[in-house]
Protein chains: 2
Amino acid sequence: MPDFPETASGAEGPGREIPPASLARLPTYLRALNAMLADPVERVPSEELAEAAGVKSAMLRKDLSYLGSFGTRGVGYDVRFVSHKISSLLGLGQEWRVAIVGAGNPGRALARYTGFTSRGFEVVALFDADERIVGTEIGWLKVSHVDSLEAELERTGTNMAVLSVPGAVAQQLCDRLVAAGVTSILSFAPVVLQVPPHVQVRKVDMGTELQILAYHAQRAQEGEPGSGARPARQAR
Amino acid sequence: MPDFPETASGAEGPGREIPPASLARLPTYLRALNAMLADPVERVPSEELAEAAGVKSAMLRKDLSYLGSFGTRGVGYDVRFVSHKISSLLGLGQEWRVAIVGAGNPGRALARYTGFTSRGFEVVALFDADERIVGTEIGWLKVSHVDSLEAELERTGTNMAVLSVPGAVAQQLCDRLVAAGVTSILSFAPVVLQVPPHVQVRKVDMGTELQILAYHAQRAQEGEPGSGARPARQAR
DNA sequence: CAATGTGAACTCGTTCACAGCT
DNA sequence: AGCTGTGAACGAGTTCACATTG
């Protein structure tokens, strides 16, 4: 299917760095585009793609302009072409080998989540420190003891890690991952990880998200009850 | 013991809205402060708290200044006091009743995650559409059929929902949640949800995060030739 | 003519640097 | 003396609006 000129190899993109805010939206665009590929949609104007992605059309156009300038004036964008372009920019042409460190509830859920296997990410190792969990099979993977972390990372050629361990041990395991040469870490631990500058960490934190929601919810309910401002003072 | 000196009751709530970027950091500050409370730390200067939260001290001070102006010049901030202040601003004084919609792998992991129960969030209902799952117990909750969604939300007094269902049905369930009066939704579904303006949605998307990591990882590996030499330095 | 691509205006977020308190 | 609180400078991100192009 990849019948597009120059796919995964470098040199294609402009030297410009993509601004982080823009980069963070590309996966959303990619999903929208791929959804359109299912139906046989050939072209899409920025207005429509932007709506599907939940952004304004000017922003979408500016974002895409960082990757180069394709799209046909008066017509729109070629769905397949832009999809490929984003995929290759994101490095989805290659398989990323992911290790999951921490096979507790969240780790196990991740290991079984097939959603991303299909998108260029393969889970190749699973670690835990709990003897009762080590050796059990989850999905089609056997849980390794965290003692063998370095050896297994090497053996499996892991180049990305998901950290789903309790906050108390997250930093220490993060350090070991970094020492073993992992430079991309997705952390679910509710702590701020300290890493050297060449290592990329992204954090997913449900607790934080719920607290932000609580802030808005509280404001909303203060407005509701008709009586106006209420102190609503309750210590925890 | 939970009494604090002033807190001019009328003046506590600044009319000012908290800027979103600032709001998003408050949970991190709160965690750092609560960790300090464990040790008996009374006061902390902005420099130190900022380091624990991974931000610059000027930013921390500005963020805290949105909540009011406490902190003692020449000394620092009272750990307990600021912790309380943030908690109450975030609405953590009250119990939030959370329903989890979708009891697949991620939903089950969330239901068992006790980490947030302790922080003012209680899971009060769990839904799924799969007959084989409905009726089973997860943690101390029985999975309800999604058909009874509206009734159960009402019965349990749910005021927040976590949406952990496949993307294909997320929008439709989101609509039902909104129709049932839920105004705060944390979504794990990899789709852009359309909601009316009074509803707050936050999204957690591992796929997106991995793709962003892949972008950086790809850039990094383009820089260095494929030989075995890797920096592998330690974190601080 | 319809829709892109983009400079310019504007808004929001971060950092600086120092006045003002304790 | 030391540290907060904040106005002002700076920078990033978003939106506007329009010249440009197929």
Side-chain angles (χ1 to χ4, degrees), chain A residues 13-29 32-33 36 41-83 85-86 89 192 212, chain B residues 5-6 8 11-12 14-29 32-33 36 41-83 85-86 89 192 212:
Chain A
R16 306 181 278 186
E17 277 282 315
I18 309 251
S22 185
L23 173 61
R25 285 185 292 267
L26 295 182
T28 305
Y29 301 155
L33 288 163
M36 289 172 180
V41 177
E42 295 287 311
R43 294 151 196 289
V44 62
S46 64
E47 197 69 56
E48 197 178 313
L49 180 52
E51 162 143 25
V55 302
K56 300 230 161 164
S57 64
M59 182 180 261
L60 170 73
R61 291 199 302 275
K62 184 147 285 206
D63 284 342
L64 292 187
S65 81
Y66 292 121
L67 327 194
S69 146
F70 24 88
T72 312
R73 290 172 198 239
V75 178
Y77 296 93
D78 181 298
V79 177
R80 276 178 65 73
F81 183 69
V82 178
S83 164
K85 205 76 182 174
I86 296 178
L89 184 97
V192 177
I212 294 169
Chain B
E6 37 81 53
E12 91 158 38
R16 307 180 278 185
E17 277 281 316
I18 309 248
S22 185
L23 173 61
R25 286 185 291 268
L26 296 181
T28 305
Y29 301 155
L33 288 162
M36 289 172 181
V41 177
E42 295 286 311
R43 295 152 196 289
V44 62
S46 64
E47 198 69 53
E48 195 177 316
L49 181 52
E51 162 143 25
V55 302
K56 301 230 162 165
S57 63
M59 183 180 261
L60 171 73
R61 292 200 301 276
K62 183 146 284 204
D63 284 342
L64 292 186
S65 80
Y66 293 121
L67 326 195
S69 145
F70 25 87
T72 312
R73 291 171 197 236
V75 178
Y77 297 94
D78 181 299
V79 176
R80 278 178 64 75
F81 183 69
V82 177
S83 165
K85 206 76 184 177
I86 295 178
L89 184 97
V192 176
I212 295 169

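What you see below is based on every heavy atom in this structure, not just the backbone, and it leaves out hydrogens, waters and symmetry mates. Naming: A, B, ... by sequence-line order, numbering from 1 per chain.
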OP1 or OP2 of [N] less than 4.0 angstrom from a side-chain nitrogen or oxygen of [X], does that happen here?
| X | N | result |
| --- | --- | --- |
| B:Ser46 | D:dT4 | yes |
| A:Arg61 | C:dG7 | no |
| A:Ser69 | C:dG5 | yes |
| A:Ser65 | C:dG5 | no |

For nucleotides 8-12 of chain D, list the nitrogen or oxygen atoms of the protein found under 3.5 Å from its nitrogen or oxygen atoms, one pair per line.
{"residue": "D:dA8", "atom": "N6", "partner": "B:Lys62", "partner atom": "NZ", "Å": "3.3"}

In whole angstrom, give the distance that lies between atom [atom1] of [X] and atom [atom2] of [N].
| X | N | atom1 | atom2 | value |
| --- | --- | --- | --- | --- |
| A:Tyr77 | D:dG22 | OH | C1' | 14 Å |
| B:Ile18 | C:dG13 | CD1 | P | 12 Å |
| B:Asp63 | C:dT15 | CG | P | 10 Å |
| B:Leu60 | D:dT4 | CG | P | 8 Å |
| B:Leu23 | C:dG13 | CG | C1' | 14 Å |
| B:Met59 | C:dC12 | CE | C1' | 11 Å |
| A:Leu26 | D:dG13 | CG | P | 13 Å |
| B:Leu64 | D:dC3 | CG | P | 16 Å |

- Would you sort out whether B:Val44 and B:Val82 count as a side chain to side chain contact (heavy atoms under 4.5 Å, CB included), showing the intermediate values? CA-CA 10 Å; B:Val44 62; B:Val82 177; over 6 Å; no

- Note on the structure: In short, B:Ile212 meets A:Ala24 closest at the heavy-atom pair CD1-CA, 3.8 Å

- State, to 0.1 Å, how close A:Leu67 and A:Ile18 come at their nearest heavy-atom pair, and which atoms those are. CD2-CD1, 3.4 Å

- Query: Which is it for B:Ser57 and B:Arg61 under the side chain to side chain contact (heavy atoms under 4.5 Å, CB included) test, yes or no, and what are the steps along the way?
  - Reply: CA-CA 6 Å; B:Ser57 63; B:Arg61 292 200 301 276; 3.5 Å; yes

- Message: Go through it in stages, so that I can follow the logic: the residues are A:Tyr29 and A:Val55, the test is side chain to side chain contact (heavy atoms under 4.5 Å, CB included), and I'd like the CA-CA distance, side-chain angles, deciding distance and then a yes or no.
- Response: CA-CA 10 Å; A:Tyr29 301 155; A:Val55 302; 3.8 Å; yes

- No-H, no-angle donor-acceptor pair, A:Arg73 side chain to C:dT4 base, under 3.5 Å: yes

- Identify which nucleotide among C:dC16, C:dG13, D:dT15 has an atom closest to any side-chain atom of B:Pro19, counting heavy atoms from C-beta outward. C:dG13

- Closest to side chain of A:Ala21, choosing from C:dT14, D:dT14, C:dC16: D:dT14

- Message: Before you tell me yes or no, could you show the steps for A:Leu64 and A:Lys85 under side chain to side chain contact (heavy atoms under 4.5 Å, CB included), namely the whole-Å CA-CA distance, both residues' side-chain angles and the distance that decides it to 0.1 Å?
- Response: CA-CA 10 Å; A:Leu64 292 187; A:Lys85 205 76 182 174; over 6 Å; no

- Would you indicate what B:Arg43 reaches in the nucleic acid, counting non-hydrogen atoms under 4.0 angstrom: base, sugar-phosphate, or nothing? nothing

- Message: So, taking the atom named CE in A:Met59 and the one named CZ in A:Arg25, what distance separates them when rounded to the nearest 0.5 Å?
- Response: 4.0 Å

